[in-house]
Amino acid sequence: MKNKLSKKEKLEALQILYDYFPEAKAELDFTNEFELLIAVMLSAQTTDKRVNIVTKDLFNKYKNPEDYVNADIREIENQIKSIGLYKSKAKNLKKMCELLISNFKGKVPQTRDELMSLPGVGRKTANVVMSVAFGIPAIAVDTHVHRTANRIGLVNSDNVQDTEKQLMELIPKKDWSKAHHVLIFYGRRISKSRNPDCENDPIKHISLHCRKILNNQK
């Protein structure tokens, strides 16, 4: 059984997914980079669907960093309490907004280092904001991207840092953001964590994972 793909096969798999999911994009609701930053911060260990339910009211109540800074922490907790880790997230939101005001004149910064200087903002969140809000090429590796990239055989990695590095080496820079969204769509809709739908997978003839599963079923 083959356990490694050629570069040609890897790029072919990605092209098939690009064509299969032409509508792939961020599924969080937002109207500006500030709202996007908050939505991505809230999305850790929960679903985009749940975040969108919460932010609908949150964004109506708090419009700018000053609104969060002036709000009582318990009010913010109340607004987001249906999301996991809501206490630490509320604390990070408030601190993040304080730093936005003091260090960046209330504006969301565009560089990775500046974004990661904000509380609650890791590399994945920074990459999403850079890519989606500012159009700066980046590959944000979440659980879906890490799982699917390894399953397909695009990378061979035990951690998200190495997955990001290997994907950046494989994929042309102009396609980094597109690949990020497509792999998330693929992970949510086809190559799910527990029950990957290999029968209907458009790259089942390439994916190492699906070829193994389908071969075992024969």
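Residue numbers count from 1 along this sequence. The shown structure was predicted, so the numbers you read here are calculated from the model rather than taken from an experiment.
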**OP:** Quick one: do Lys94 and Glu98 satisfy salt bridge (charged side-chain N to carboxylate O under 4.0 Å, His left out)? Show the steps, please.
**Re:** CA-CA 6 Å; Lys94 201 168 169 65; Glu98 288 172 359; 5.2 Å; no
**OP:** Quickly, which of Ile38, Asn70, Ile101 forms a side-chain contact (heavy atoms from CB on, under 4.5 Å) with Pro65? Name it, please.
**Re:** Ile101
**OP:** Would you please test Ile16 and Ile206 for side chain to side chain contact (heavy atoms under 4.5 Å, CB included) and show each step?
**Re:** CA-CA 10 Å; Ile16 291 170; Ile206 300 176; 4.1 Å; yes
Original post:
Taking all non-hydrogen atoms of both residues, which atom of Leu100 and which atom of Pro109 are closest, and how far apart?
Top reply: CD2-CD, 3.8 Å
**OP:** Measure across Leu5 and Glu9 and return the closest heavy-atom pair with its distance rounded to 0.1 Å.
**Re:** CA-OE1, 3.4 Å
**OP:** Measure the spacing between SG of Cys97 and CG of Asp67 and express it to the nearest 0.5 Å.
**Re:** 9.0 Å
Original post:
So, Asn78 and Tyr86: side-chain donor and acceptor under 3.5 Å apart, yes or no?
Top reply: no
Original post:
Any chain of hydrophobic side-chain contacts (each under 4.5 Å) joining Leu42 to Leu115?
Top reply: yes
**OP:** Compare all side-chain heavy atoms of Leu183 with those of Leu154 and state whether any distance is below 4.5 angstrom.
**Re:** yes
Subject >> Pairwise side-chain contact, Leu37 with Leu118, heavy-atom cut-off 4.5 Å (strictly under) >> reply: yes
Original post:
Taking Arg50 for the side chain and Ile83 for the main chain, is one N or O donor matched with an acceptor at less than 3.5 Å?
Top reply: no
Original post:
Between OG of Ser207 and CD1 of Ile213, what distance do you get to the nearest 0.5 Å?
Top reply: 8.0 Å
**OP:** Check the hydrophobic clustering (I, L, V, M, F, W, Y; side-chain heavy atoms under 4.5 Å; chains of links allowed) and say if Ile80 and Leu36 are grouped together.
**Re:** yes
Original post:
What pairs with Tyr62 under ring-ring contact (aromatic ring centres under 6.0 Å, His included), at least two apart in sequence or on another chain?
Top reply: Tyr68
**OP:** Drop me the distance from Asp48's CG to Ile53's CD1, to the nearest 0.5 angstrom.
**Re:** 11.5 Å
Original post:
Would a 4.5 Å heavy-atom cut-off, applied to side chains only, mark Ser102 and Leu99 as touching?
Top reply: yes
Subject >> Residue pair Met41 / Leu93, side-chain heavy-atom distance below 4.5 Å >> reply: yes
Original post:
Could you state the interatomic distance from CD (Gln79) to CG (Leu58), rounded to the nearest 0.5 Å?
Top reply: 6.0 Å
**OP:** Test Tyr18 against Asp175 for side chain to side chain donor-acceptor pair (under 3.5 Å), laying out the working first.
**Re:** CA-CA 10 Å; Tyr18 296 157; Asp175 294 330; 4.6 Å; no
Original post:
Under the side chain to side chain donor-acceptor pair (under 3.5 Å) test, which residues partner Ser117, sequence neighbours left out?
Top reply: none
Original post:
Going from CD1 on Ile152 to CG on Leu17, what distance comes out if it is rounded to the nearest 0.5 angstrom?
Top reply: 5.5 Å
Original post:
Looking at Thr148 and Gly187, what are the two nearest heavy atoms and their distance?
Top reply: CG2-CA, 3.5 Å
Original post:
Any idea which heavy atoms bring Asn127 and Ile139 closest together, and the distance?
Top reply: ND2-O, 3.2 Å
Original post:
Any side-chain heavy atom of Glu164 within less than 4.5 Å of one from Lys124?
Top reply: no
**OP:** Carefully, step by step, assess His205 and Arg211 under the rule side chain to side chain contact (heavy atoms under 4.5 Å, CB included).
**Re:** CA-CA 6 Å; His205 60 296; Arg211 282 156 70 178; 5.8 Å; no
Original post:
Does a salt bridge link Glu77 with Lys89, judged by any charged N lying under 4.0 Å from a carboxylate O?
Top reply: no
Subject >> Side-chain donor-acceptor pair present, Asp197, Asn200, cut-off under 3.5 Å >> reply: yes
Subject >> Nearest non-hydrogen partners of Lys173 and Pro137, listed with the distance >> reply: O-CB, 3.5 Å
Original post:
Do Trp176 and Phe134 belong together in a cluster built from hydrophobic side chains that touch within less than 4.5 Å?
Top reply: no
**OP:** Report the distance from atom CD1 of Ile171 to atom NE2 of His180, rounding to the nearest 0.5 Å.
**Re:** 11.5 Å
**OP:** Taking the side chain as every heavy atom from C-beta outward, state whether His146 and Thr143 have any pair of such atoms under 4.5 Å apart.
**Re:** no
Subject >> Hphob cluster co-occupancy, Ile136 + Val121, side-chain heavy atoms under 4.5 angstrom >> reply: yes
**OP:** Apply side chain to side chain contact (heavy atoms under 4.5 Å, CB included) to the pair His144 and Phe185, showing each step before the final yes or no.
**Re:** CA-CA 8 Å; His144 298 294; Phe185 264 55; over 6 Å; no
Original post:
Are Val40 and Val141 in one and the same hydrophobic cluster, where Ile, Leu, Val, Met, Phe, Trp and Tyr link if side-chain heavy atoms are under 4.5 Å apart?
Top reply: no
Subject >> Residues clustered with Leu85, ILVMFWY side-chain links under 4.5 angstrom >> reply: none
Subject >> Exceeds 12 heavy-atom contacts within 6.0 angstrom, atom CZ of Arg74 >> reply: no
Original post:
Would the number of heavy atoms belonging to other residues, nucleotides or ligands and lying under 6.0 Å from CG of Asn195 be above 12?
Top reply: no
Subject >> Over 12 foreign heavy atoms within 6.0 Å of CD, Glu169 >> reply: yes
**OP:** Would you tell me whether Glu27 and Asn52 have side-chain atoms, one donor and one acceptor, within less than 3.5 Å of each other?
**Re:** no
**OP:** May I ask you to decide whether Glu12 forms a salt bridge with Lys8, counting only side-chain N to carboxylate O separations under 4.0 Å?
**Re:** no
**OP:** Ignoring hydrogens and angles, tell me if any N or O in the side chain of Arg123 forms a donor-acceptor pair with the backbone of Gln161 under 3.5 Å.
**Re:** no
Original post:
Is there side-chain contact between Leu214 and Glu199, with at least one heavy-atom pair below 4.5 Å?
Top reply: yes
**OP:** Could you tell me which non-hydrogen atom of Val128 sits nearest to which non-hydrogen atom of Ala140, and how far apart they are?
**Re:** CG2-CB, 3.4 Å
Original post:
Between Leu170 and Val155, is any pair of side-chain heavy atoms under 4.5 Å apart?
Top reply: no
Original post:
Is the backbone N or O of Ser157 less than 3.5 Å from a side-chain atom of Asn150, with the two atoms forming a donor-acceptor pair by type?
Top reply: yes
Original post:
Does a side-chain N-to-carboxylate-O contact under 4.0 Å join Asp162 and Lys165?
Top reply: no
Original post:
Stepwise, does the side chain to side chain contact (heavy atoms under 4.5 Å, CB included) test hold for Phe21 with Ile184?
Top reply: CA-CA 10 Å; Phe21 295 113; Ile184 289 176; over 6 Å; no
Original post:
For Asp158, does the CG atom have more than 12 heavy-atom neighbours from other residues, nucleotides or ligands under 6.0 Å away?
Top reply: no
**OP:** May I have the step-by-step check of salt bridge (charged side-chain N to carboxylate O under 4.0 Å, His left out) for Lys107 and Glu33, ending in yes or no?
**Re:** CA-CA 9 Å; Lys107 303 292 185 183; Glu33 58 266 24; over 6 Å; no
